[in-house]
4 protein chains.
Amino acid sequence: MAQQRGKTNKADATRRQLLDAALSVISERGYADTTVDRIVEVAGVSKGVAYYHFASKADIATCILVEGVGGIIDEFEVVAAAAPSATNALVAMMESFAAVIFRNADFGRFLVSELWRRGREWSDALRVLEERLLAVLRSQIERGQREGSIRAGVDASFEAVAIVGMVLTATLHYIREAEQRIEDGCAPARAHAETERAFLFHIQDYVHHANA
Amino acid sequence: MAQQRGKTNKADATRRQLLDAALSVISERGYADTTVDRIVEVAGVSKGVAYYHFASKADIATCILVEGVGGIIDEFEVVAAAAPSATNALVAMMESFAAVIFRNADFGRFLVSELWRRGREWSDALRVLEERLLAVLRSQIERGQREGSIRAGVDASFEAVAIVGMVLTATLHYIREAEQRIEDGCAPARAHAETERAFLFHIQDYVHHANA
Amino acid sequence: MAQQRGKTNKADATRRQLLDAALSVISERGYADTTVDRIVEVAGVSKGVAYYHFASKADIATCILVEGVGGIIDEFEVVAAAAPSATNALVAMMESFAAVIFRNADFGRFLVSELWRRGREWSDALRVLEERLLAVLRSQIERGQREGSIRAGVDASFEAVAIVGMVLTATLHYIREAEQRIEDGCAPARAHAETERAFLFHIQDYVHHANA
Amino acid sequence: MAQQRGKTNKADATRRQLLDAALSVISERGYADTTVDRIVEVAGVSKGVAYYHFASKADIATCILVEGVGGIIDEFEVVAAAAPSATNALVAMMESFAAVIFRNADFGRFLVSELWRRGREWSDALRVLEERLLAVLRSQIERGQREGSIRAGVDASFEAVAIVGMVLTATLHYIREAEQRIEDGCAPARAHAETERAFLFHIQDYVHHANA
DNA sequence: GATGAATGAGTCTTCATTCAT
DNA sequence: GATGAATGAAGACTCATTCAT
């Protein structure tokens with residue numbers, strides 16, 4: 001994966017532009033249907049720079065995935081370290097996870113579509129990140145069991161995966177419904193925010209009862 | 001989508017061969033990286049027949065998805081109609097869903113990667129099927145609330161999506177782990193069946209508590 | 001290297017057209033400056049067929065080289081087997097070699113430019129062929145030494161290489177001079193044939209004395 | 001072609017570094033597959049300086065060829081002027097020619113691959129140099145005929161070309177064999193020097209007899 | 001003098017689809 | 001019904017060259 005070298009701000013800015021453009025284009029039609037031509041068009045740069053900053057189209061996608069999931073993990077770890085209780089930590093992590101997806105549905109869709117794909121250049125990198133993300137969740141669930149807020153019968157390993165699956169799937173579902181409503185003119189654009197609040201309430205309630 | 005014509009058994013067999021070959025190839029490298037050349041090679045037929053049985057490459061994929069999800073829905077409806085209680089129905093549906101994925105991980109991976117993609121030829125068809133699948137789940141959850149086995153606080157709409165997300169994600173995760181263990185030689189091939197049993201116990205326990 | 005399958009005459013004809021077009025284009029500007037676009041344009045076929053019949057641009061070049069040098073070797077072997085004496089065989093081989101180059105200067109130029117290049121896809125194949133060609137020459141020189149027509153002091157290995165180098169270099173030189181004269185209008189087009197005769201006389205005289 | 005400006009030693013050193021790097025890279029993969037990026041990387045300078053010292057990539061190659069062949073011609077002329085007899089001169093020139101190639105096989109390979117190529121930027125320059133080189137050889141052969149050491153039947157024009165072809169081809173062949181032996185561990189690195197001595201003996205013997 | 005980011009035309013290659021046999 | 005040769009549009013990637021800093 002292309003490394004960012006702190007050389008110039010200009011170069012970094014170009015790199016960022018390409019990454020942003022790529023994510024938006026990829027989420028629009030998927031990685032395979034995304035052309036480098038389109039990415040550089042959206043980024044407003046020439047095709048050559050794309051290959052000056054990244055080794056390949058796959059390298060761009062890998063950077064997006066790694067930086068994106070890496071950011072989520074970083075926040076998970078910060079949240080976990082700061083939370084007064086495991087329950088608190090889990091709630092905060094789910095909120096933070098959902099917030100990232102809500103704010104960047106493009107990234108969420110890309111992530112889901114790639115999470116189980118095999119044979120991609122980034123498959124290995126992604127699996128490592130996934131494991132790290134699950135590990136943070138697992139450790140908080142186990143902490144909750146030690147603290148007594150989560151019943152012993154829960155399988156930490158299972159719940160970690162289940163939470164990721166629920167949040168990802170349900171968030172994308174809710175986003176699609178909200179987008180549909182806005183598109184149909186049945187709801188104002190702020191419906192998005194309301195959907196997010198309602199969704200967060202549901203999932204926290206669900207996990208709370210499952211753990212009790 | 002190409003209709004199956006009951007004409008000959010030969011034709012049906014060829015059609016089935018193509019569909020199976022396509023699914024296996026698609027799950028290996030994704031729809032976009034799958035070539036018609038490769039499909040017919042795996043199916044052991046000439047390229048001409050593929051276009052005799054299907055209108056296009058997308059048509060093949062659509063058939064796989066529609067027939068696959070359609071089968072799941074059909075079973076859901078049968079199970080729901082036969083179940084003595086909502087709780088019973090939900091458990092049976094989750095079991096049946098997971099069983100399909102366990103038995104055909106290729107299909108599961110393809111489904112997940114396409115579920116949220118927009119702009120595909122089959123996107124609309126898939127969304128309709130998804131809605132039908134969710135509707136069956138929702139109706140059983142609501143029945144459970146009427147029967148008193150599911151607490152009123154549960155949002156049926158949310159739980160339906162959450163269950164689909166959990167089952168899909170967790171099943172694929174467990175399958176990958178089992179595959180990894182078998183690959184590494186750390187476990188015998190029957191580890192698959194044991195994994196499935198353990199997984200089913202976890203998810204039923206989890207949903208049971210979340211609903212109680 | 002793409003294998004020719006005797007399936008259809010049509011397909012074989014297309015393959016041959018591509019090979020001929022490729023040789024003519026390659027000899028015009030060299031392999032690297034030859035585009036597949038230009039080859040198919042000259043061949044009068046679509047770009048797709050080129051890749052249906054050959055694996056790559058390099059594959060086309062390899063076929064030209066292998067078939068071309070292979071043809072020379074075949075003729076060498078026939079000539080060597082039929083010649084009443086080693087001297088006779090050597091003369092006939094030099095004539096046959098020079099004739100191929102005179103008749104197809106394009107091929108000669110391509111061969112010389114690739115003979116010493118390393119790291120090409122066809123480098124290994126070419127080296128094997130070169131060794132076979134040298135072996136035929138060597139065996140006739142050694143036969144001449146046994147027959148007493150070639151002095152013992154001659155190093156067969158060296159002379160084989162020397163003959164190839166002389167014939168190749170001198171032939172191309174003479175061709176260029178003849179082309180130049182025709183281009184300048186200083187000589188009629190038949191100058192080519194006269195040049196070939198004069199050249200053959202010189203080289204045979206030279207080798208004859210060197211061996212005596 | 002870029003002129004060397006006696007300005008600074010620094011500039012000259014950079015120029016030389018670029019030329020050496022270019023020759024080594026070109027001989028490795030050919031002119032067309034050589035990138036300016038790779039040249040400056042090997043030379044250890046930035047891309048800007050390359051274009052400060054040379055007008056273009058072709059300019060670099062032209063300089064290598066012109067300076068290389070020019071050096072050979074210069075030495076030929078010095079040798080020819082100093083030699084007591086034509087035979088002496090020819091021997092010395094062949095030795096000097098072979099020595100250059102032995103010491104710089106990269107240059108030899110580049111020269112051979114470009115000698116017959118048409119349409120290159122340096123094609124004309126190269127042809128002029130070739131003609132000058134052949135002229136020196138021819139004049140010594142004719143001198144030998146006047147001195148009586150070379151039989152009248154020899155065609156000076158032909159022998160000049162033949163010698164160039166033989167030396168170039170045979171030298172490169174011997175170098176490759178020596179490199180192969182060293183690579184295979186079948187011979188020590190000094191095998192190179194021995195090969196050169198044996199080769200020189202063979203070619204001088206061959207030409208001597210051809211001329212007698 | 002020196003740097004390296006940026007350009008964009010040009011190449012090879014792929015592949016869904018068609019159709020003559 | 002079946003085959004496989006042919007099509008051509010489209011896409012990833014390269015690289016000589018320029019130029020602002």
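First the proteins, then the strands, lettered A, B, ... as listed; each starts at 1. All values derive from a computational prediction rather than experimental measurement.
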Interatomic distance, [X] [atom1] vs [N] [atom2] [rounded to whole Å]:
{"X": "R38(D)", "N": "dA16(F)", "atom1": "CZ", "atom2": "C1'", "result": "17 Å"}
{"X": "Y51(B)", "N": "dG4(F)", "atom1": "OH", "atom2": "P", "result": "16 Å"}
{"X": "D12(C)", "N": "dA6(F)", "atom1": "CG", "atom2": "C1'", "result": "15 Å"}
{"X": "E41(A)", "N": "dG11(F)", "atom1": "CD", "atom2": "P", "result": "12 Å"}
{"X": "F54(A)", "N": "dT14(F)", "atom1": "CZ", "atom2": "P", "result": "15 Å"}
{"X": "I39(C)", "N": "dT13(E)", "atom1": "CD1", "atom2": "P", "result": "10 Å"}
{"X": "Y52(B)", "N": "dA2(F)", "atom1": "OH", "atom2": "P", "result": "7 Å"}
{"X": "D59(B)", "N": "dA16(E)", "atom1": "CG", "atom2": "C1'", "result": "13 Å"}

>> Taking 4.0 Å as the cut-off, does a side-chain nitrogen or oxygen of H53(D) come that near to OP1 or OP2 on dG1(E)?
In response: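 Answer is no, no contact under 4.0 Å.
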Looking only at side-chain N and O atoms, does K47(C) come under 4.0 Å of OP1 or OP2 in dG8(F)? no
Ionic contact status for [Y] with [X], cut-off 4.0 Å:
{"X": "R109(D)", "Y": "E28(D)", "value": "no"}
{"X": "E41(D)", "Y": "K47(D)", "value": "no"}
{"X": "E121(A)", "Y": "K57(A)", "value": "no"}

| Using purine N1 to pyrimidine N3 plus N6-O4 or O6-N4 for Watson-Crick, or N1-O2 and O6-N3 for G-U wobble, both under 3.5 Å, which nucleotide pairs with dT21(E)? |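 Answer to the pairing question: dA2(F), which forms a Watson-Crick or G-U pair with dT21(E).
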Quick one: look up who dT11(E) pairs with, Watson-Crick or G-U, both distances under 3.5 Å, and put none if it's unpaired.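 Base-paired to dA12(F).
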If the plane angle is over 60° it's perpendicular, under 30° parallel, otherwise tilted; pick one for F110(C) and Y31(C). parallel
Of K57(A) and V36(D), the one whose nearest nucleotide on DNA chain F sits closer to the 5' end is K57(A)
5'-most contact on DNA chain F (nearest-nucleotide basis), T14(B) vs D37(A), goes to T14(B)
Identify which nucleotide among dT7(F), dC15(F), dA12(F) has an atom closest to any side-chain atom of V45(C), counting heavy atoms from C-beta outward.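 Among dT7(F), dC15(F), dA12(F), the one nearest the side chain of V45(C) is dT7(F).
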Winner on side-chain proximity to V49(B), out of dG8(F), dA6(F), dT3(F), is dT3(F)
Start at the 5' end of DNA chain E and walk down; is the nucleotide closest to D33(C) or to G48(C) reached first?
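This one resolves to D33(C).
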**Q.** Y31(C) vs Y31(B), nearer the 5' end of DNA chain E by closest nucleotide
**A.**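 Comparing both residues, the 5'-ward one is Y31(C).
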Exercise for the section: Determine whether E114(D) and R120(D) make a side-chain contact, defined as any pair of heavy atoms from C-beta on separated by less than 4.5 Å. Expected result: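 Yes - at least one pair of side-chain heavy atoms lies under 4.5 Å apart.
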